[in-house]
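See structure below.
Positions are given from 1, in the same order as the sequence printed here. Side-chain atoms are counted along with the backbone in the values below, which use heavy atoms only and exclude waters and symmetry mates.
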Amino acid sequence: MSTGPPVVVLPPAADGGRQVTVRGERVGTAYDLFDVLDLVHRAGLPAEDQAVDDPELIEWRGGGPYDFDRGTEDGAAGRGGAAGR
């Protein structure tokens with residue numbers, strides 16, 4: 001049985017926050033990359049900078065590690081950094 005990455009970062013919401021799940025459990029909302037790394041670390045997973053590019057650790061939905069702009073009404077994310085929050 002194949003499983004996906006233990007960490008999933010969902011698309012940005014209207015406020016720019018991205019829900020983060022670890023092993024299927026919601027662990028918090030990230031407003032920037034540092035928040036994601038903190039949540040990953042708290043869950044006992046490696047939180048080194050290179051971890052954000054590891055597709056076996058983190059699945060990024062609706063944008064990559066630097067996309068934290070406010071979402072649009074259709075759920076699509078803008079481009080940019082945490083400054084949009």
Side-chain angles (χ1 to χ4, degrees):
M1 181 175 146
S2 176
T3 60
V7 179
V8 177
V9 181
L10 299 175
D15 68 353
R18 298 178 73 168
Q19 296 298 313
V20 179
T21 64
V22 176
R23 297 181 185 98
E25 298 293 322
R26 182 176 164 205
V27 295
T29 303
Y31 290 92
D32 58 33
L33 182 55
F34 297 109
D35 290 344
V36 173
L37 292 174
D38 183 54
L39 291 167
V40 167
H41 178 70
R42 288 184 195 189
L45 298 169
E48 296 85 21
D49 289 344
Q50 65 268 24
V52 301
D53 294 324
D54 184 352
E56 292 185 22
L57 178 65
I58 301 176
E59 177 183 342
W60 296 93
R61 296 182 183 172
Y66 304 102
D67 295 319
F68 285 89
D69 283 346
R70 296 172 187 267
T72 62
E73 289 184 23
D74 66 359
R79 293 283 182 231
R85 59 178 181 169

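Taking CD1 from Ile58 and CG from Leu37, the interatomic distance works out to 6.5 Å, rounded to the nearest 0.5 Å. The line from CG of Leu33 to CG of Asp67 is 11.0 Å long, rounded to the nearest 0.5 Å. How far CG of Asp15 is from OH of Tyr31: 4.0 Å, rounded to the nearest 0.5 Å.
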* side-chain contact (heavy atoms from CB on, under 4.5 Å) evaluation trace for Leu45 with Arg23 -> CA-CA 11 Å; Leu45 298 169; Arg23 297 181 185 98; 3.1 Å; yes
* Asked: Stepwise, does the side-chain contact (heavy atoms from CB on, under 4.5 Å) test hold for Val52 with Val36?
  -> CA-CA 9 Å; Val52 301; Val36 173; 5.5 Å; no
* Asked: Where do Val20 and Val7 land on the side-chain contact (heavy atoms from CB on, under 4.5 Å) test, with the steps shown first?
  -> CA-CA 7 Å; Val20 179; Val7 179; 4.0 Å; yes
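The minimum heavy-atom distance between Pro12 and Gly62, with the atom names listed, is CD-O, 3.6 Å. Nearest heavy atoms, Ala43 versus Val22: CB-CG1, 3.8 Å.
For Asp53, the side chain to side chain contact (heavy atoms under 4.5 Å, CB included) partners two or more places apart in sequence, or in a different chain, are Pro65.
At distances below 3.5 Å, not a single donor-acceptor pair connects side-chain atoms of Arg42 with backbone N or O atoms of Val27. Listed for the Arg18 side chain is no donor-acceptor partner under 3.5 Å among the backbone atoms of Trp60.
Taken together through direct or relayed side-chain contacts under 4.5 Å among Ile, Leu, Val, Met, Phe, Trp and Tyr, Val9 and Leu39 form part of one hydrophobic cluster.
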